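Within every chain, numbering begins at 1; the chains are lettered A, B, ... in the order of the sequence lines, protein sequences first and strands thereafter. None of these values were measured; they are calculated from a predicted model.
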Amino acid sequence: MTETTVGIGGAAEGTDMVLNIGPQHPSTHGVLRLRLVLDGERIREAEPVIGYMHRGAEKLFEARDYRQIIMLANRHDWLSAFSNELGVVLAVERMLGMEVPERAVWTRTLLAELNRVLNHLMFLGSYPLELGGITPVFHAFREREELQNVMEEISGGRMHYMFNRVGGLKEDLPAGWLGRARQAVADVRSRMDVYDRLVLGNEIFRGRTRGVGVLTPAAVHAYGVSGPIARACGVDFDLRRDEPYLAYGELGDVLKVVTRTDGDCLARFECLLEQTHNSLALADACLDRLTQLPPGPINQRLPKVLKAPEGTTYAWTENPLGINGYYLVSKGDKTPYRLKLRSASYNNIQALTELLPGTLVADMVAILGSLFFVVGDIDK
Amino acid sequence: MISLAVDDLSYFGRDPWWLVVVKAVFCFAFAMLTVLFSIVWERKVVAWMQLRIGPNRHGPWGMLQSLADGIKLMLKEDVVVKGADKFVYVLAPVVAAIPAFMSFAVVPFGPADNEISVFGHRTPMQLTDLPVGVLYILATASVGIYGIVLAGWSSGSTYPLLGGLRSTAQMISYEIAMGISFAAVFLYSHSMSTSQIVATQQHTWYVLLLPVSFLVYMVAMVGETNRAPFDLPEAEGELVGGFNTEYSSIKFAMFMLAEYVNMVTVSAVATTLFLGGWRAPWPISTFWAGANHGWWPLLWFTVKIQLLLFVFIWLRGTLPRMRYDQFMKLGWKVLIPVSMVWLMLVASVRALRNENYDFQRVLLYVGGGVLAVLLISLAADVFRDRAAKKAEGAGQAGQEGPGDRFDPMAGGFPVPPKPGQTLPPVPRRRSRAPEAAEHQLVGKDGDDA
């Protein structure tokens with residue numbers, strides 16, 4: 001007979017309480033689980049337990065051809081579907097040495113920025129909600145609705161657009177769409193001050209976020225944190241400026257990389273808010289440019305069987321939540337040999353082990369919310 | 001003074017038994033109906049603030065929504081969790097709900113001088129009154145808290161336990177501030193009986209005489225009822241549901257009922273103590289002598305309660321939740337000291353008036369004292385800022401000392417920076433984008449030319 005020793009952990013020996021936040025908990029918006037060791041309301045240890053929503057995306061990529069992969073890839077971070085598709089098509093286009101028509105480049109830039117606004121609006125609404133302010137989320141969703149209508153008109157999708165194709169976009173823009181898109185962007189821009197007045201100007205909100213969950217630049221580098229969270233710590237890095245893809249190289253005078261130095265929850269929220277303002281300005285600039293462009297194709301004719309030549313490439317994009325990269329290894333088949341996905345939230349939430357110990361349970365909610373993650377993006 | 005109070009209460013305790021029952025049922029029904037209305041009202045107002053429509057399916061304007069919700073809750077499965085202490089677990093919602101109604105016994109709905117006639121019997125529009133009516137209200141409010149604490153403890157689960165603990169601390173700290181703000185009212189009204197307090201507000205409501213007490217009470221009453229932004233014991237974002245996480249069906253309904261009845265009760269107390277109780281508001285009372293007689297006071301009273309309930313709803317629609325320790329700080333470091341100092345001021349003014357000092361001299365003494373305190377605090381602030389700046393400057397000077405340079409290979413191995421050291425800037429990789437490559441080529445050509 002074998003004897004099994006069951007460890008009961010440190011919690012049973014002390015007076016500490018072990019609290020499992022999640023996998024079903026309102027503040028994890030998804031199925032993230034945090035195992036906290038509490039001393040009263042103060043957190044002693046925190047361990048994020050991930051994987052409850054693992055869908056094997058990377059393995060599935062290996063069994064799909066390049067057109068089908070786009071559809072799979074836009075699922076992991078369901079709030080930034082367009083940007084996820086973009087990485088895949090950029091990688092495949094680079095492997096094929098394919099030139100993308102100029103109109104497609106500008107339209108992609110426009111849609112990527114609209115997608116960024118959609119994503120940020122979600123967090124601008126849900127973060128106050130987690131702190132107990134129930135109103136801003138409805139205002140955020142009104143704006144989302146405006147933009148989603150525009151996106152829906154061109155792609156048919158409200159979240160998973162599936163509008164990218166290798167070599168361009170699925171089809172040309174409908175007649176008059178540019179005007180409607182401009183109107184929607186203008187409407188949203190005119191109402192963006194709601195978050196300044198209702199959320200940022202609120203004393204309780206500032207009290208709960210200022211100085212809470214301070215992330216240092218050293219931790220940002222150590223954990224590979226990226227996106228608005230990293231920029232809120234003073235890490236001035238944005239692929240749109242530092243390694244321009246799409247048409248961002250020509251938008252240098254409009255693109256403003258928003259940074260803060262405090263690294264606390266308030267700085268993260270401010271970064272997100274200001275970045276939303278900037279993305280709307282970028283969308284306007286793209287619309288301006290699109291109206292001036294001469295007519296032309298928006299995609300390339302593709303062969304019946306699309307094969308990437310043998311080789312490897314790494315395509316990374318500045319997704320709304322941070323750096324999203326695809327490492328594509330091809331053996332010259334219809335399907336990739338390996339397509340490694342580097343998603344933003346996976347790295348961003350690793351910093352929780354550093355941020356949470358020593359804070360209160362209420363701060364845990366503030367910190368968790370300010371890391372702006374999507375569980376699908378963590379678990380892939 | 002005591003004889004005066006006894007005289008004033010002479011109208012009470014003379015009703016026949018059936019009239020007492022009718023009045024008690026009325027108090028209960030009034031609280032219940034106000035709750036049923038205010039839930040729909042809350043959902044409508046919050047919906048309006050959130051660009052939504054709100055409930056509109058049940059009855060006209062959705063008015064029967066809360067009734068339907070109540071029936072639905074009763075028909076749900078009643079779960080008793082395994083780890084619960086069963087007796088206390090069942091007792092807790094009852095303990096929470098019943099005291100919430102009890103305060104209404106001493107709330108005056110109208111004048112205390114046999115104004116109305118019920119089946120030919122003239123009677124005051126109030127169930128009863130006590131010489132210590134307000135103390136009775138405080139006592140019943142405190143008992144209700146036991147329900148929440150016991151619910152948190154008896155559920156045998158982590159989130160409720162945290163919620164119950166929070167609730168304990170919250171009640172203790174906020175009832176002190178609440179009690180002190182009441183004391184200022186007693187100084188003016190010479191009485192703790194609710195009917196007497198309303199009677200002394202004939203000329204000026206206490207909200208004008210005692211604005212600070214009123215504000216302190218407004219904050220304390222939101223804290224007392226566990227409403228946003230002070231809904232820490234249930235805090236659905238962090239503690240899931242707090243003390244009521246493990247409750248379902250009718251037990252959960254009891255907690256909801258208790259919360260809303262408490263809201264109505266504290267609004268009624270605020271109205272009675274600070275907003276002139278059943279008295280008609282100012283412009284109406286000047287041209288209509290009958291406004292404060294007969295059944296009319298009931299209308300003014302209801303309107304005032306509804307306005308206070310609107311404030312509750314408004315707060316919930318606008319503010320995020322406070323953090324637990326910030327909330328405690330607000331209670332102990334702001335509300336209690338402020339209301340203590342205010343009580344001292346009120347007491348000094350009353351004492352000086354009783355000694356027959358004329359008003360200007362009273363103003364001089366009290367105003368001078370307040371001014372002196374403000375000046376001292378201002379000076380203290382200025383000096384504290386200077387000291388802080390000096391300390392900061394010294395700290396920065398110390399940090400920039402030599403020898404703190406970061407050596408990434410200290411001891412022959414790659415090491416992370418020590419506290420206080422900064423990383424050297426991360427070198428940027430050259431861009432791989434084709435556009436950038438072209439630009440470089442163009443630059444070369446230009447050089448050649």
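- Of the atoms belonging to Leu360(A), it is side-chain heavy atoms, and not backbone ones, that fall under 4.5 Å from chain B.
- Ring geometry for Tyr247(B) against Phe255(B) counts as perpendicular: the plane angle is over 60°, on a 0 to 90° scale with 30° as the lower cut.
- Between Glu42(B) and Tyr260(B), the side chains place a donor N or O and an acceptor N or O closer than 3.5 Å (distance only, hydrogens not considered).
- In this structure, the ring of Trp316(A) has its center less than 6.0 angstrom from the ring center of Tyr314(A).
- Proximity to chain B (any heavy atom under 4.5 Å) is shown, for Arg208(A), by both the backbone and the side chain.
- In this structure, chain B has no heavy atom under 4.5 Å from any part of Val194(A).
- At a cut-off of 3.5 Å, with distance as the only test, a side-chain donor of Gln170(B) or Asn226(B) sits close to an acceptor on the other residue.
- Proximity to chain A involves both the backbone and the side chain of Gln50(B), based on heavy atoms less than 4.5 angstrom apart.
- Salt bridge status for Glu93(A) with Arg108(A): present, with a side-chain N to carboxylate O gap under 4.0 Å.
- Counting heavy-atom pairs closer than 4.5 Å to chain B, the top residue among Pro217(A), Gly249(A), Gly207(A) is Gly207(A).
- Proximity to chain A involves both the backbone and the side chain of Arg316(B), based on heavy atoms less than 4.5 angstrom apart.
- In this structure, Tyr127(A) contributes its side chain and Ala366(A) its backbone to a donor-acceptor pair below 3.5 Å.
- At a 4.5 Å heavy-atom cutoff, the contact between Leu319(B) and chain A is made by backbone and side-chain atoms alike.
- Proximity to chain A among residues 330-339 of chain B is not found for any residue, judged by heavy-atom separations below 4.5 angstrom.
- When each of Leu90(A), Thr109(A), Val105(A) is paired with Tyr245(A), the side-chain contact (heavy atoms from CB on, under 4.5 Å) condition holds for Leu90(A) and for no other.
- Residue Phe230(B) forms a side-chain contact (heavy atoms from CB on, under 4.5 Å) with just one option from Val219(B), Thr225(B), Leu315(B), and that option is Val219(B).
- The pair Lys82(B)-Glu246(B) fails the salt-bridge criterion, with no side-chain N (NZ, NE, NH1 or NH2) lying under 4.0 Å from an Asp/Glu carboxylate O.
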